[in-house]
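First comes the structure, then the notes that go with it.
Start at 1 with the first residue, then count along the sequence. Small disclaimer: the values here were computed from a predicted structure and weren't measured.
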Amino acid sequence: MDLLARREHSRRELGRKLRRRYDADEVEEALATLAEEELQSDVRFAAVFARERMLRGIGPQRIQRELLERGVSGSAADAALRALQEEEGVNWPRIARAALEKKFGDGELPEAHAERARRLRFLQYRGFSEEHIAGADC
């Protein structure tokens with residue numbers, strides 16, 4: 001409970017942290033109880049995680065990958081990203097442009113091929129698709 005009081009955790013993350021101190025059987029029993037009582041939920045974790053990462057200028061492809069790395073199912077990760085899109089009206093191209101402006105000072109891609117490629121790689125690393133980058137008018 002102490003770990004969940006600080007922030008949401010995926011089942012895998014929580015299990016990994018608890019196994020450092022407790023027996024594997026006790027951990028599985030505790031995780032099952034927490035999930036049953038809805039104190040731990042991968043769906044809720046995915047929603048919170050996706051929103052926090054989006055606010056930091058991370059794109060949907062990277063958010064999806066990070067959720068999968070943390071043990072969240074593909075359907076829960078998709079649902080979290082879909083909820084951001086539908087409920088909050090997230091504009092991924094606008095977020096890509098803001099990330100570019102924050103990093104490089106301006107949202108425009110320069111004419112120099114090397115610098116242009118560098119900025120495009122930055123956005124791709126951040127998890128933005130070519131569609132998002134093109135929509136950002138970069």
Side-chain angles (χ1 to χ4, degrees):
M1 289 301 296
D2 196 32
L3 292 170
L4 288 174
R6 292 185 186 121
R7 70 169 179 91
E8 292 285 340
H9 286 76
S10 70
R11 182 179 177 100
R12 181 187 290 171
E13 283 181 328
L14 194 56
R16 189 186 76 244
K17 288 180 179 185
L18 291 173
R19 283 185 194 93
R20 293 180 193 160
R21 294 182 154 174
Y22 303 103
D23 182 49
D25 293 335
E26 290 175 320
V27 170
E28 288 305 316
E29 185 179 322
L31 289 174
T33 302
L34 289 171
E36 184 179 301
E37 295 176 5
E38 296 184 11
L39 296 173
Q40 186 281 321
S41 167
D42 278 352
V43 173
R44 191 172 57 234
F45 167 76
V48 169
F49 183 86
R51 186 173 194 322
E52 288 174 355
R53 299 298 281 166
M54 178 269 303
L55 291 173
R56 289 185 178 182
I58 303 298
Q61 293 174 342
R62 184 164 168 191
I63 293 170
Q64 172 114 21
R65 187 179 66 246
E66 290 178 352
L67 284 168
L68 294 174
E69 288 172 357
R70 285 168 173 74
V72 174
S73 70
S75 61
D78 289 340
L81 289 170
R82 196 170 35 257
L84 278 177
Q85 188 75 33
E86 294 170 1
E87 295 172 11
E88 297 191 32
V90 172
N91 184 333
W92 293 112
R94 188 174 63 226
I95 293 171
R97 184 177 203 67
L100 196 63
E101 288 174 1
K102 183 176 180 184
K103 173 75 174 178
F104 297 102
D106 62 353
E108 301 301 319
L109 287 177
E111 293 298 319
H113 179 70
E115 183 62 21
R116 182 180 185 88
R118 179 173 167 242
R119 292 181 186 199
L120 289 173
R121 277 193 312 273
F122 168 76
L123 290 174
Q124 289 172 339
Y125 169 77
R126 280 291 185 103
F128 295 102
S129 68
E130 290 179 16
E131 178 182 303
H132 298 140
I133 294 169
D137 294 328
C138 295

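With rounding to the nearest 0.5 angstrom, the CG atom of Leu34 is 11.5 Å from the NE2 atom of His9. The CD1 atom of Ile58 sits 9.5 Å away from atom CH2 of Trp92, with the distance rounded to the nearest 0.5 Å. Taking CZ of Arg12 as the reference point, atom CD of Glu69 lies at 9.0 Å (rounded to 0.5 Å). Separation of atoms CG (Leu81) and CD (Glu86) is listed at 11.0 Å; rounding is to 0.5 Å. Interatomic distance, Leu31 CG to Glu29 CD, rounded to the nearest 0.5 Å: 10.5 Å. To the nearest 0.5 Å, atoms CD (Glu36) and OG1 (Thr33) are separated by 6.0 Å.
Under the 4.5 Å side-chain heavy-atom criterion for Ile, Leu, Val, Met, Phe, Trp and Tyr, Val90 and Leu55 are members of the same hydrophobic cluster. Under the 4.5 Å side-chain heavy-atom criterion for Ile, Leu, Val, Met, Phe, Trp and Tyr, Leu120 and Tyr125 are members of distinct hydrophobic clusters.
Taking each heavy atom of Ile95 and Gly57 in turn, the nearest pair found is CG2-CA, 3.9 Å. Of all the heavy atoms in Leu67 and Phe49, the pair that sits closest is CD2-CD2, 3.4 Å. Closest of all the heavy-atom pairs between Val43 and Ala76 is CG2-CB, 4.3 Å. Annotation for Ala46 and Val72: closest pair CB-CG1, 4.0 Å, computed over non-hydrogen atoms. Annotation for Met54 and Ile63: closest pair N-CD1, 3.9 Å, computed over non-hydrogen atoms. Of all heavy-atom pairs spanning Asp42 and Arg11, the tightest one is OD1-N, 2.8 Å.
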- Message: Could you walk me through whether Ile133 and Gln124 satisfy the side chain to side chain contact (heavy atoms under 4.5 Å, CB included) test, starting with their C-alpha distance in whole Å, then the side-chain angles of each, then the deciding distance to 0.1 Å, before giving a yes or no?
- Response: CA-CA 8 Å; Ile133 294 169; Gln124 289 172 339; 4.0 Å; yes
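Cation-pi geometry between Arg119 and Phe104 is met: the NZ or CZ atom falls under 6.0 Å from the ring centre, inside 45° of the normal.
Remark: Glu13 does not engage Arg16 in a salt bridge, criterion side-chain N to carboxylate O under 4.0 Å. Using a 4.0 Å cut-off between charged nitrogen and carboxylate oxygen, Arg7 and Glu52 do not count as a salt-bridge pair. Between Arg97 and Glu101, at least one side-chain N (NZ, or NE/NH1/NH2) sits under 4.0 Å from a carboxylate O, which counts as a salt bridge.
Applying the 6.0 Å contact sphere to NZ of Lys102 captures no more than 12 heavy atoms from other residues, nucleotides or ligands.
Listed by chain and number, the residues in a ring-ring contact (aromatic ring centres under 6.0 Å, His included) with Tyr22 amount to none (sequence neighbours excluded).
Looking only at distances, no side-chain donor or acceptor of Gln40 sits under 3.5 Å from a matching main-chain atom of Ala35. Counting only distance, with no hydrogens or angles, the side chain of Arg126 and the backbone of Leu100 share no donor-acceptor pair below 3.5 Å. At least one donor-acceptor pair under 3.5 Å links the side chain of Ser10 to the backbone N or O of Arg70.
Of the candidates Arg56, Glu87, Glu88, Glu88 is the only one forming a side chain to side chain contact (heavy atoms under 4.5 Å, CB included) with Arg51.
Contact annotation: the side chain of Pro60 approaches that of His132 to within less than 4.5 Å [non-hydrogen atoms, C-beta and beyond].
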